[in-house]
Amino acid sequence: FCVQQLELLQDNNKKELIRGMLSANRKGLDEIVIDALVNKKLSNNPMYLSMLLTRLMMMDREDFFEADRRGGGGEGLDAHMIYIIEQAPEGLQDMSAALIQEAARRCSPKQAKETLYLLAASRRGLREEDLEAIILNSNKVWNTVDFSRLLRYMRSYFLIREDGRVDFA
């Protein structure tokens with residue numbers, strides 16, 4: 001395989017990446033939020049910017065309650081997203097860890113941790129049935145809905161092979 005070194009993004013490229021990722025996920029953001037993303041210190045790194053967008057796309061009921069607390073409507077939602085952007089860790093490794101922790105927190109933290117460990121230890125991924133069997137044989141709880149939520153939250157970082165094995169992209 002080949003390792004391709006990516007160049008740091010300029011502001012116009014950042015906006016292209018943001019809009020492309022949003023379009024691919026059928027999402028949208030107000031310009032004020034896009035500007036906050038573009039102005040974030042490490043947003044010139046495509047991986048960092050991708051992770052930050054992934055975090056915004058994880059927003060759920062909990063976030064919408066917080067947006068209501070910030071004023072409700074579109075302005076409250078924008079304010080909450082800008083808060084998330086401003087509070088995001090500054091380092092690439094820290095952002096990666098925060099993203100995984102946030103996804104796990106929104107599902108079942110114990111199951112998410114176990115699932116990610118098993119996937120990391122596997123050579124070419126595991127099927128959902130394999131993960132379930134391993135976790136249940138370890139006398140731990142398995143929840144299909146939580147697994148599906150983890151896949152959805154982290155969809156940019158997983159691939160699903162033809163035979164159904166889930167692996168890191």
Side-chain angles (χ1 to χ4, degrees), residues 3-120 125 143 145-160 166-169:
V3 175
Q4 180 69 35
Q5 186 71 27
L6 297 176
E7 293 183 25
L8 297 178
L9 299 172
Q10 302 302 316
D11 285 358
N12 61 331
N13 299 116
K14 293 178 194 180
K15 288 187 177 190
E16 283 180 42
L17 176 67
I18 292 166
R19 289 195 175 98
M21 212 172 144
L22 291 171
S23 176
N25 288 282
R26 296 189 172 127
K27 304 286 183 186
L29 290 175
D30 288 338
E31 203 60 36
I32 190 170
V33 178
I34 292 173
D35 289 342
L37 285 164
V38 167
N39 293 327
K40 182 72 177 171
K41 184 178 178 185
L42 286 178
S43 67
N44 59 349
N45 182 311
M47 180 60 112
Y48 183 88
L49 186 55
S50 169
M51 286 189 285
L52 195 48
L53 274 164
T54 297
R55 168 56 187 96
L56 291 178
M57 287 187 278
M58 280 184 199
M59 289 180 63
D60 62 10
R61 186 175 79 157
E62 188 179 299
D63 291 293
F64 294 116
F65 285 138
E66 185 61 29
D68 281 344
R69 196 183 69 70
R70 294 179 186 275
E75 291 175 6
L77 195 53
D78 288 347
H80 184 57
M81 286 190 271
I82 290 169
Y83 173 79
I84 291 170
I85 293 165
E86 289 172 348
Q87 296 303 308
E90 292 297 330
L92 193 57
Q93 289 178 329
D94 292 338
M95 184 63 201
S96 180
L99 182 66
I100 292 168
Q101 290 167 355
E102 188 65 28
R105 186 184 70 74
R106 290 168 183 270
C107 305
S108 162
K110 289 180 183 178
Q111 181 177 319
K113 180 179 178 182
E114 193 71 22
T115 298
L116 294 173
Y117 280 154
L118 289 169
L119 289 175
N143 184 307
V145 173
D146 284 335
F147 177 72
S148 296
R149 290 173 67 198
L150 180 65
L151 284 182
R152 183 172 54 91
Y153 288 143
M154 301 293 294
R155 65 183 161 264
S156 298
Y157 307 101
F158 290 131
L159 61 91
I160 300 176
V166 177
D167 202 357
F168 291 106

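Since we're looking at a predicted model, the values are computed, not measured.
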Val33 vs Leu77, side-chain contact (heavy atoms from CB on, under 4.5 Å): CA-CA, chis, key distance, verdict: CA-CA 10 Å; Val33 178; Leu77 195 53; over 6 Å; no

Full working for side-chain contact (heavy atoms from CB on, under 4.5 Å) between Leu116 and Met154: CA-CA 11 Å; Leu116 294 173; Met154 301 293 294; 5.8 Å; no

Test log, rule side-chain contact (heavy atoms from CB on, under 4.5 Å), inputs Met57 and Ser156: CA-CA 11 Å; Met57 287 187 278; Ser156 298; 5.6 Å; no

Residues Leu99, Glu102; criterion side-chain contact (heavy atoms from CB on, under 4.5 Å); working and verdict: CA-CA 5 Å; Leu99 182 66; Glu102 188 65 28; 5.6 Å; no

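Scanning both residues, Ser43 and Lys14, for their nearest heavy atoms gives OG-NZ, 3.0 Å. Leu150 and Ala103 get closest at one heavy-atom pair: CD1-CB, 4.2 Å. Counting all heavy atoms, side chain and backbone alike, Thr54 lies closest to Tyr153 at CG2-O, 3.5 Å. Looking at every heavy atom in both residues, Ala88 comes nearest to Met95 through CB-SD, 4.0 Å. When all heavy atoms of Asp35 and Lys15 are compared, the pair lying nearest together is OD1-NZ, 3.4 Å.
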Got a list of side-chain donor-acceptor pairs under 3.5 Å for residues 45-52, not counting sequence neighbours?
from  : atom 1 : to     : atom 2 : distance (Å)
Asn45 : OD1    : Met47  : N      : 2.9
Asn45 : OD1    : Tyr48  : N      : 3.2
Tyr48 : OH     : Pro89  : O      : 2.5
Ser50 : OG     : Tyr157 : OH     : 3.4

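Atom CG of Asn143 is separated from atom OG of Ser148 by 8.5 Å, given to the nearest 0.5 angstrom. The line from NE2 of His80 to CE of Met59 is 4.5 Å long, rounded to the nearest 0.5 Å. To the nearest 0.5 Å, the span separating CD1 on Ile32 from CD1 on Ile82 amounts to 4.0 Å. Here the CZ atom belonging to Arg55 is positioned 11.0 Å from the CE atom belonging to Met81, to the nearest 0.5 angstrom. Atoms CG and CG, on Leu29 and Leu22 in that order, are 4.5 Å from each other to the nearest 0.5 Å. Distance check, rounded to the nearest 0.5 Å: CZ of Arg152 to CZ of Arg106 gives 9.5 Å.
In this structure, the side chains of Arg155 and Asn25 come closer than 4.5 Å at one or more pairs of heavy atoms. Asp146 is not listed as a side-chain neighbour of Thr115, based on a closest heavy-atom distance of 4.5 Å or more. For the pair Asp68 and Phe64, the minimum side-chain heavy-atom distance is 4.5 Å or more. Proximity of Asn13 to Leu17: side-chain heavy atoms (C-beta onward) are nowhere separated by under 4.5 Å.
The number of heavy-atom neighbours closer than 6.0 Å to CD of Glu31, taken from other residues, nucleotides and ligands shown, is above 12.
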